[in-house]
Structure formats: structure tokens, C-alpha cells
Amino acid sequence: MCDVAAFREAFPQFSPDLVPDGRVAFHLRVAGKLLPATRWGDLLEEGMGLYAAHQITLELEAAKDTAGTGGINAAAGPVTSETKTVGGLSHSTTRTGAAAQGNALSGAGQYNLTSYGQQFWALVQIVGAGGMVV
């Protein structure tokens with residue numbers, strides 16, 4: 001089982017100054033409840049860490065959002081271009097999220113929103129898949 005210290009060692013970018021221990025512990029507990037140990041086996045700690053890193057990244061992006069959207073726009077990635085037209089009323093926004101860049105993983109849904117989520121989804125696809133004969 002992954003704990004806060006092991007998480008911080010694997011993901012040093014989430015320092016205690018940036019993310020309090022309580023938030024890391026919360027997401028690790030949720031991961032521990034969602035990921036069955038019998039299925040994840042030796043990859044359980046990696047899965048829990050990537051799941052927590054994904055959720056924390058979304059939380060940090062949502063915290064930056066000042067538009068009152070609860071982070072929905074922030075999770076879609078930073079705005080790279082925006083067009084406004086007053087006469088005739090037009091508005092266009094382009095974001096850099098994985099789906100916008102065309103490198104979204106099929107069926108990964110919200111896990112495409114961060115690189116940690118994409119790595120987590122890649123593990124989900126192989127965990128429990130069984131052996132392979134080459």
C-alpha cells in the first residue's frame with residue numbers, strides 16, 4: 001500500500017508546500033478502495049500513486065480557476081487562443097488538453113486530462129489482462 005512518504009518520493013513535484021499531507025492521504029485512501037489489491041498485485045503502489053497524482057493535478061488546476069466553473073475549464077487545459085466578436089456575437093476558445101491535441105487514449109475519459117491519468121489508464125489496460133505467449 002502506497003503511503004504519503006512513498007508518494008512524495010515517487011512524485012517530488014507535489015511538495016508539502018504545494019499539496020498538504022492530508023490531501024495526498026485522501027487520494028491514496030480513495031485509490032486503495034478503488035483498486036483491488038488482488039488484481040493489481042505488484043503494480044498496486046504505482047497505480048495508487050498515479051491515480052492520486054492525476055486527482056491532485058486536477059485539484060490544483062481547479063484551484064487556479066477564477067471563472068467560477070469549479071475547474072471544469074481548467075481541467076480542459078490552458079487556453080492557447082481565444083477569439084471574440086461583438087457584432088454578430090461570436091466566441092471561440094482553443095485549449096491544449098490531451099483531447100484537443102489528438103493524443104487522447106481511447107476510452108480513458110477523464111484520465112486523458114493529465115499525463116498521470118494517461119499513465120494510470122495504460123496500467124489499467126494491462127492489469128489483470130493475464131499472461132502473454134510470444
Side-chain angles (χ1 to χ4, degrees):
M1 180 78 57
C2 187
D3 62 14
V4 173
F7 176 85
R8 292 206 191 276
E9 184 177 329
F11 301 94
Q13 61 274 37
F14 297 112
S15 69
D17 293 336
L18 184 63
V19 184
D21 284 351
R23 291 310 298 162
V24 174
F26 170 80
H27 289 294
L28 290 174
R29 278 194 309 273
V30 172
K33 293 177 181 179
L34 294 175
L35 309 179
T38 54
R39 183 173 179 189
W40 281 76
D42 290 344
L43 291 172
L44 181 60
E45 284 195 28
E46 289 80 2
M48 290 176 67
L50 287 168
Y51 174 85
H54 169 73
Q55 296 298 338
I56 290 168
T57 300
L58 292 179
E59 274 188 2
L60 292 172
E61 286 300 312
K64 293 178 188 173
D65 187 54
T66 57
T69 62
I72 293 171
N73 287 337
V79 174
T80 56
S81 70
E82 189 166 356
T83 304
K84 293 181 182 179
T85 306
V86 176
L89 195 61
S90 175
H91 180 259
S92 173
T93 303
T94 303
R95 295 186 175 271
T96 61
Q101 295 177 6
N103 60 359
L105 300 176
S106 177
Q110 63 121 344
Y111 295 109
N112 278 314
L113 297 176
T114 71
S115 61
Y116 305 113
Q118 288 186 327
Q119 292 173 59
F120 173 75
W121 187 253
L123 283 182
V124 166
Q125 298 305 302
I126 61 171
V127 167
M132 179 187 312
V133 178
V134 180

- Would you mind listing every salt bridge (charged side-chain N to carboxylate O under 4.0 Å, His left out) that reaches into residues 6-20, with sequence neighbours excluded?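 Listed by first then second residue: Arg8-Asp21.
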- Set of residues satisfying side-chain hydrogen bond (donor to acceptor under 3.5 Å, both in side chains) with respect to Tyr116, sequence neighbours excluded: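 With neighbours one apart ignored, the set is Gln13.
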- Query: Going by heavy atoms in the side chains, are Gln110 and His54 under 4.5 Å from each other?
  - Reply: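 In contact.
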- Message: Could you tell me if the side chain of Trp121 sits less than 4.5 Å from the side chain of Leu50, heavy atoms only?
- Response: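 Result no, sub-4.5 Å side-chain heavy-atom pair not found.
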- Query: For Phe120, what residues pass the ring-ring contact (aromatic ring centres under 6.0 Å, His included) criterion, not counting sequence neighbours?
  - Reply: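 Phe120 satisfies ring-ring contact (aromatic ring centres under 6.0 Å, His included) with Trp40, Tyr51, Tyr111 once adjacent residues are dropped.
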Sequence neighbours excluded and cut-off under 3.5 Å, please list the side-chain donor-acceptor pairs for residues 25-37, or say none.
{"unit_1": "His27", "atom_1": "NE2", "unit_2": "Glu59", "atom_2": "OE2", "d": "2.8"}

- Message: Let me confirm one number: the CG-CG distance from Leu58 to Leu113, rounded to the nearest 0.5 Å.
- Response: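 Interatomic distance, Leu58 CG to Leu113 CG, rounded to 0.5 Å: 6.0 Å.
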- Any chance you could measure Ile56, atom CD1, to Phe7, atom CZ, to the nearest 0.5 Å?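 That separation rounds to 4.0 Å.
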- What is the minimum heavy-atom distance between Leu18 and Pro20, and which atoms define it?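 Smallest heavy-atom distance, with atoms named: O-CD, 4.1 Å.
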